[in-house]
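We count residues from 1, following the sequence as given. None of these values were measured; they are calculated from a predicted model.
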Amino acid sequence: MYSNAYIWAKVIAYLDERMTPGIVSTFFDQSYILDKTDQSLTVYAPSEFCKTFIERRCLGYIKDAVRELTDQDLEISVVCEEELADFQKSRERSGKPRFNPQFTFDSFVVGKSNRFAYNAALAVTDKPATAYNPLFIHGPSGLGKTHLLYAIANRMQENYPDFNIVYISSEQFTNELIIALREHRNVEFRKKYRNADLLLMDDIQFIGGKTSTEEEFFHTFNELFEGRKQIVVTSDRPPSEISLLAERLRTRFEGGLICDVTLPDYETRMAIIQKKANTLGMDLPNDICDHIAQNITNNIRSLEGAVNIIKAYHELNGMPLDLPNVSRAIKDMYMDASHNLPTPALIIGEVSRFYSVEEHLLRGRLKSNNIVMPRQIAMYLIRDLTHQSYKNIGREFGRDHTTVISSLQKVEALIAKGDKETLDNLRDITANINSKL
């Protein structure tokens, strides 16, 4: 049986022989197979414009390409971005959630920095709930943790088609819990998660300190674990460093397998660049691949983004694929990390999320204790991480510079005193901010 990714690659090759490269690139670079059954195949298109073009000009080609490869005469349909949410809801109602088919084990580039996590994830799909349960994968943003979650989901869906697979971010889990409590749908909420055969949760660190969310996840975890169901979670740090995480959850995570993903080394970065270029139908010379790998070292997303930029300049502007041109095209992507400062809006947003306080309240005039301290922390972090003037920080909150100075002094006094809660909160919020850069 062919994977969706393989079928789509063959479709693109078929289209390349019958349409101009510019058309294929414009309308199919961000498209992929969203769903495939024995009778039909659904293609994702990034916009209504792309969908209309594909429906009018390309459905016959796609159908012929699929028939040539699989001997199946499938009905072809197209879903654009604006229709995606409704499509996914309909799939959920039918009991068959779909996961991004571009994220598979085959498309994951393995190197020294991620081999342990990759092998552990693969082992989970071979022997769910027996090999490593729970599996806890941690590392900075942009290094492939979410890719591994989707790869597990896609492989498990192939190996165990009757499995109930649930993928959720911790933030979505919290939001759904809030809605369930408000609308008295607790039973429905619990049924969704506690009936899972495989639960995948991204960014588990964000449930730390959210008492109701932790309580609900704790009981969900216990029920799944005792029922021999597989649990896989990701985080930007190991359980021991999630300071607000309840001890009973921490020990459960530490009772499974903990593995990390770290920054890719040079060889892995080269492999990622070459694989991305091949996926986009580009033949990048070795000196260009080497230049990117030497200068972009922070994460995988940046490497892939650089290749996307080069492709766009090459196809839309006719830029020759030589080192001087490529260097100019991506020069902004390999600025020194010290120039990559967070914005005040990002800092305020992360403080708001950490303390579960609305942003407009942080910027407002209320002086209740649960708002004043987060507001002071936000001011302190803006000063510490961006070095902005007191006057500019005051503008963010509608205060004068003397109020900012007073707020900073209060936080600094807690730090000087060694206040553990303040130090832990500052560390966790800073880590959350850095993960977004």
| task | Indicate yes or no: at least one non-hydrogen side-chain atom of T125 is less than 4.5 angstrom from one of F105. | result | yes
| said: Distance alone, cut at 3.5 Å: any donor-acceptor contact between the side chains of E215 and H219? | reply: yes
| Distance-only side-chain donor-acceptor flag, D322 / N325, under 3.5 Å | yes
| Cationic N near anionic O, under 4.0 Å, E247 to R250 | yes
| E83 with K51: basic N within carboxylate O range, under 4.0 Å | yes
| request: Measure up the Y160 and F163 rings against each other and bin them: parallel (under 30°), tilted (30 to 60°), perpendicular (over 60°). | output: parallel
| Taking the side chain as C-beta and beyond, is there a heavy-atom pair between P238 and D260 under 4.5 Å? | no
| task | Output the distance between atom CD1 (I272) and atom CD1 (I300), rounded to the nearest 0.5 Å. | result | 4.0 Å
| query | Got more than 12 heavy atoms from elsewhere within 6.0 Å of CD, Q294? | reply | yes
| request: Find out whether I310 and L321 are in side-chain contact, i.e. whether some heavy atom of one side chain is under 4.5 Å from a heavy atom of the other. | output: yes
| said: Among I258, D236, L143, I242, which residue satisfies the side chain to side chain contact (heavy atoms under 4.5 Å, CB included) criterion with H138? | reply: I258
| Rounded distance (nearest 0.5 Å) linking atom NZ of K192 with atom CG of L199 | 10.0 Å
| said: We want to know whether T104 and H147 form a side-chain donor-acceptor pair, criterion being a heavy-atom distance below 3.5 angstrom. | reply: no
| Test item: F136 and C259 side chains (from C-beta on) under 4.5 Å apart, heavy atoms | no
| query | Quick check: are there more than 12 heavy atoms from other residues, nucleotides or ligands sitting under 6.0 Å from CD of E75? | reply | no
| Does a salt bridge link K10 with E68, judged by any charged N lying under 4.0 Å from a carboxylate O? | no
| remark: The single option from D197, N133, N164 that satisfies side-chain hydrogen bond (donor to acceptor under 3.5 Å, both in side chains) with K229 is D197
| query | Are D265 and T268 close enough that a side-chain donor and a side-chain acceptor fall under 3.5 Å? | reply | yes
| request: May I have the step-by-step check of side chain to side chain contact (heavy atoms under 4.5 Å, CB included) for T234 and L149, ending in yes or no? | output: CA-CA 8 Å; T234 70; L149 285 188; 3.6 Å; yes
| query | Do R353's NZ or CZ and the ring of Y355 fall within the cation-pi criteria of under 6.0 Å and 45°? | reply | no
| Any side-chain heavy-atom pair of Q205 and S170 under 4.5 Å | no
| field | Polar contact flag, side-chain donor to acceptor under 3.5 angstrom, R269-N295 | value | no
| Salt bridge flag under 4.0 Å for residues D203 and K145 | no
| Aromatic ring centroids of F189 and Y193 under 6.0 Å? | yes
| remark: Between the CZ atom in R67 and the CG atom in D73, the distance rounded to the nearest 0.5 Å is 4.5 Å
| field | Step-by-step side chain to side chain contact (heavy atoms under 4.5 Å, CB included) determination, V233 to L135 | value | CA-CA 6 Å; V233 298; L135 175 61; over 6 Å; no
| query | In this structure, which one of Y32, F108, Y150 forms a ring pair (Phe, Tyr, Trp, His ring centres under 6.0 Å) with F103? | reply | Y150
| field | K127 side-chain N/O to A123 backbone N/O, donor-acceptor pair under 3.5 Å | value | no
| field | Electrostatic pair R194:E216 at N-O distance under 4.0 angstrom | value | yes
| query | Do V307 and I273 pass the side chain to side chain contact (heavy atoms under 4.5 Å, CB included) test, and can you show the C-alpha distance, the side-chain angles, and the key distance before you say yes or no? | reply | CA-CA 7 Å; V307 179; I273 294 162; 4.0 Å; yes
| Does OH in Y61 sit with more than 12 non-hydrogen atoms of other residues, nucleotides or ligands closer than 6.0 Å? | no
| Separation between CD1 of I168 and CG of L200, rounded to the nearest 0.5 Å | 10.5 Å
| message | Checking side-chain polar atoms at under 3.5 Å, does D202 have a donor or acceptor matched by the opposite partner on Y167? | response | yes
| task | Scan side-chain atoms only and decide if S169 and Q172 contain a donor-acceptor pair under the 3.5 Å cut-off. | result | yes
| Does CZ belonging to R185 count more than 12 external heavy atoms closer than 6.0 Å? | yes
| said: Less than 4.5 Å apart, side chain to side chain, heavy atoms only: is that true for I7 and K36? | reply: yes
| Would one find more than 12 heavy atoms of other residues, nucleotides or ligands at under 6.0 Å from atom CZ of R228? | no
| request: Kindly indicate, with the supporting measurements, whether the criterion side chain to side chain contact (heavy atoms under 4.5 Å, CB included) is fulfilled by V11 and V66. | output: CA-CA 7 Å; V11 168; V66 173; 4.0 Å; yes
| query | Hey, does the Lys NZ or Arg CZ of R248 hover above the aromatic six-ring of F218, less than 6.0 Å from the centre and inside 45° of the axis? | reply | yes
| said: Main chain of K276, side chain of E304: is a donor-acceptor contact present, judged purely on distance under 3.5 Å? | reply: no
| Y132 side chain to Q230 side chain, donor-acceptor N/O pair below 3.5 angstrom | no
| message | Could you tell me if the side chain of I348 sits less than 4.5 Å from the side chain of I382, heavy atoms only? | response | yes
| Between N195 and R190, does any side-chain donor sit less than 3.5 Å from a side-chain acceptor? | no
| Rounded to the nearest 0.5 Å, how far apart are CD of E188 and CD of E183? | 9.0 Å
| message | In the structure I gave you, are the side-chain heavy atoms of E254 and S240 within less than 4.5 Å of one another anywhere? | response | yes
| request: Just say parallel, tilted or perpendicular for the rings of W8 and F28, cut-offs at 30° and 60°. | output: tilted
| field | Criterion salt bridge (charged side-chain N to carboxylate O under 4.0 Å, His left out) against E396, the qualifying member of R383, R375, R363 | value | R363
| query | Quick one: does D290's side chain have a donor or acceptor within less than 3.5 Å of a partner on N286's backbone? | reply | no
| said: Quick check against the 3.5 Å criterion: does N114 have a side-chain atom that pairs as donor or acceptor with the backbone of G111? | reply: yes
| request: Determine the interplanar angle of the F27 and F49 rings, folded into 0 to 90°, and report it as parallel if under 30°, tilted if 30 to 60°, perpendicular if over 60°. | output: tilted
| said: Measuring from atom OG1 of T430 to atom CG of D384, what distance do you get when rounded to the nearest 0.5 angstrom? | reply: 7.0 Å
